Amino acid sequence: MFTRESPSGGPGSPRVVGFYEEATGSCQYVAIDEATKKAALIDVVLDFDPAHARTRTDSAQEILDFVRREGLEVQWILDTHPHADHLMASAWLKQQTGAPTAIGEKVREIGTLWESLYHTPGAYDPDRDFDRLFAHGDTFRIGDLDVRVILSPGHTLGSITYVVGDAAFVHDTFMHVDAGTSRADFPGGSSVELYRSLQEILSLPEDTRLFIGHDYPPVGDREDPAWEATVAEHRAHNTHVGGGVSEAEYVALRDARDATLDLPDRMLFALQVNLRGGRLPEPEADGSHYFKIPANKF
């Protein structure tokens with residue numbers, strides 16, 4: 001797996017190690033407090049083969065192997081939103097580490113939305129399946145590092161950003177500077193809300209390191225995945241919002257782009273798992289798990 005490290009800038013600043021999962025273009029993170037050797041795992045992938053509806057834990061195991069080699073204690077298992085393009089490994093990681101899982105509190109509303117789309121009333125209970133549901137403005141700690149939660153809707157109605165000192169994990173809001181921003185056309189998404197979330201993130205101090213959720217190289221002359229840039233770099237050079245693009249200009253661009261995009265090939269599988277905190281649907285009488293895929297709704 002392709003990895004890259006962003007060193008700590010000193011007290012209050014996390015060391016961040018990113019792991020790239022090529023099949024879905026996902027950027028997964030370990031945020032580390034160097035002083036206490038405590039860490040949070042952020043947006044870790046449960047590998048999934050949609051052709052065979054088969055899961056594996058290779059990517060998550062590689063991250064756990066890194067954690068153990070480094071002598072780290074996993075304090076939190078964090079997700080930024082119920083991902084549409086990959087399955088989350090949170091439940092498996094909790095089994096391996098005992099650390100609590102967390103996501104934004106508006107996952108309750110996302111669950112209600114998808115219960116309707118799947119016609120599975122009562123299927124999703126985030127209060128049961130996550131240990132902590134964060135509200136906008138909530139704070140917590142990774143070791144001695146202070147973490148602040150920002151509600152960042154647009155890609156989903158309940159996406160959240162984790163601000164850890166001079167680092168912010170901004171998930172599916174920004175892409176890398178040369179790729180722009182993330183789509184906003186999934187159920188509950190909004191390009192207007194996404195623009196406003198982007199602007200709130202851009203109001204962070206200009207040296208804040210922004211860590212994104214996905215990259216899909218090659219982009220231009222760049223062959224390798226990239227997932228880190230500063231607020232200042234995005235303000236000046238982001239291909240969708242850099243240089244002061246207006247809300248109206250952005251919404252027109254984003255909506256036109258989204259109209260050309262197919263659904264991710266894992267989406268209709270992923271939401272059934274991710275809205276259960278990374279757990280497969282309940283086994284049926286034969287002991288097997290089954291996905292329910294809605295026809296002609298998208």
Side-chain angles (χ1 to χ4, degrees), residues 4-20 25-34 38-44 75-81 83 88 102-106 132 134-156 158-182 184 193-215 225-242 250:
R4 186 179 284 126
E5 180 173 327
S6 182
S8 168
S13 169
R15 173 188 170 207
V16 178
V17 182
F19 296 78
Y20 185 71
S26 296
C27 306
Q28 313 160 94
Y29 299 103
V30 182
I32 303 163
D33 175 28
E34 292 281 63
K38 293 186 178 179
L41 311 183
I42 303 173
D43 287 343
V44 178
Q75 192 171 15
W76 288 98
I77 299 162
L78 306 175
D79 280 279
T80 53
H81 63 293
H83 313 275
M88 63 173 63
I103 200 168
E105 66 173 357
K106 286 185 174 288
R132 180 80 179 268
F134 290 120
H136 176 74
D138 277 353
T139 60
F140 63 101
R141 304 193 101 190
I142 302 168
D144 292 336
L145 299 173
D146 293 321
V147 186
R148 176 168 58 97
V149 175
I150 300 175
L151 177 65
S152 302
H155 178 70
T156 76
S159 301
I160 58 173
T161 291
Y162 298 105
V163 181
V164 190
D166 67 344
F169 298 89
V170 301
H171 51 92
D172 298 10
T173 51
F174 288 101
M175 302 288 284
H176 195 53
V177 175
D178 55 6
T181 62
S182 297
E193 291 294 328
L194 181 55
Y195 178 83
R196 295 171 184 174
S197 295
L198 296 167
Q199 296 307 309
E200 182 167 14
I201 293 166
L202 290 178
S203 73
L204 294 169
E206 66 177 14
D207 61 349
T208 303
R209 297 170 288 164
L210 304 185
F211 295 96
I212 60 173
H214 292 279
D215 190 41
W227 51 72
E228 177 187 351
T230 64
V231 165
E233 290 170 320
H234 279 285
R235 284 180 190 166
H237 303 300
N238 184 281
T239 190
H240 287 172
V241 295
Y250 175 76

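Computed from a predicted structure; not experimentally measured.
- Residue-environment remark: CZ (Arg148) stays at or below the threshold of 12 foreign heavy atoms within 6.0 Å.
- The CG atom of Asp79 lies 8.5 Å from the NE2 atom of His81; values are rounded to the nearest 0.5 Å.
- Leu78 contributes atom CG, which lies 4.5 Å from atom OH of Tyr162 (distance to the nearest 0.5 angstrom).
- Within the 4.5 Å cutoff, the side chain of Glu206 has no heavy atoms near those of the Thr230 side chain.
- When side chains are defined from C-beta on, Ile103 does not count as touching Ile160, because their heavy atoms never get closer than 4.5 Å.
- A donor-acceptor contact closer than 3.5 angstrom links the side chains of Ser6 and Glu228.
- In this structure, the side chains of Ile150 and His136 come closer than 4.5 Å at one or more pairs of heavy atoms.
- For Gly180 against Asn238, the heavy-atom pair with the smallest separation is O-ND2, 2.9 Å.
- Looking at every heavy atom in both residues, Val30 comes nearest to Ala39 through CG1-CB, 4.0 Å.
- Val16 approaches Ala167 most closely through the heavy-atom pair CG2-CB, 4.4 Å.
- Here His171 and His155 keep their ring centres 6.0 angstrom or further from each other.
- Ring-plane geometry between Trp227 and Tyr29 is classed as perpendicular, the angle between the planes exceeding 60 degrees on a 0 to 90 degree scale with a lower cut at 30.
- Under a 3.5 Å cut-off, the side chain of Asp43 and the backbone N or O of Gln28 do not form any donor-acceptor pair.
- Residues Ala40 and Ile142 come closest through the heavy atom pair CB-CD1, 3.5 Å.
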**Report entry** Audit row: Arg132, Asp138, side chain to side chain contact (heavy atoms under 4.5 Å, CB included) steps and yes/no
**Finding:** CA-CA 11 Å; Arg132 180 80 179 268; Asp138 277 353; 4.1 Å; yes
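- Under a 3.5 Å cut-off, the side chain of Arg4 and the backbone N or O of Tyr20 do not form any donor-acceptor pair.
- Within the 4.5 Å cutoff, the side chain of Arg209 has heavy atoms near those of the Pro14 side chain.
- Here the side chain of Thr80 pairs no donor or acceptor atom with the backbone of Ser159 at under 3.5 angstrom.
- Using cut-offs of 30° and 60° for the angle between ring planes, the Phe134 and Phe140 rings count as parallel.
- Not one N or O on the side chain of Ser152 forms a donor-acceptor pair closer than 3.5 Å with the backbone of Ser197.
- Proximity of Val44 to Ile77: side-chain heavy atoms (C-beta onward) are nowhere separated by under 4.5 Å.
- With contacts defined as side-chain heavy-atom distances shorter than 4.5 Å, the pair Phe174/Leu202 qualifies.
- Taking OG1 of Thr173 as the reference point, atom CE of Met175 lies at 10.0 Å (rounded to 0.5 Å).
- Interatomic distance, CG of Asp207 versus OG of Ser13, reported as 9.5 Å (0.5 Å rounding).
- Contact check for Arg15 versus Pro7: no side-chain heavy atoms found under the 4.5 Å cut-off.
- Judged purely by atom type and a 3.5 angstrom limit, Asp146 has no side-chain atom pairing as donor or acceptor with the backbone of Thr139.
- Put simply, NZ on Lys106 and CG on Leu151 are 6.0 Å apart, with the number rounded to the nearest 0.5 Å.
- Considering all non-hydrogen atoms of both residues, Ile212 and Ala226 come closest at CD1-O, 3.7 Å.
- The two atoms that bring Leu194 and Ser182 nearest to each other are CD2-O, 3.1 Å, heavy atoms only.
- Going from atom CG of Leu210 over to atom CZ of Phe169 covers 10.5 Å, rounded to the nearest 0.5 Å.
- When side chains are defined from C-beta on, Val170 does not count as touching Phe211, because their heavy atoms never get closer than 4.5 Å.
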List the steps, then state whether side chain to side chain donor-acceptor pair (under 3.5 Å) holds for Thr181 with His240. CA-CA 6 Å; Thr181 62; His240 287 172; 2.9 Å; yes
Is there a side chain to side chain contact (heavy atoms under 4.5 Å, CB included) between His234 and Val241 once you walk through the steps? CA-CA 8 Å; His234 279 285; Val241 295; 5.9 Å; no
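- Residue Glu5 places its CD atom among more than 12 non-hydrogen atoms of other residues, nucleotides or ligands, all under 6.0 Å distant.
- Between Tyr250 and Tyr195, the ring planes lie tilted relative to each other; the angle falls in the 30° to 60° range.
- Side chain of His237 to backbone of Arg235: no donor-acceptor contact under 3.5 angstrom is found.
- Of the possible polar contacts, one joining the Asp33 side chain to the Asp144 backbone as a donor-acceptor pair under 3.5 Å is found.
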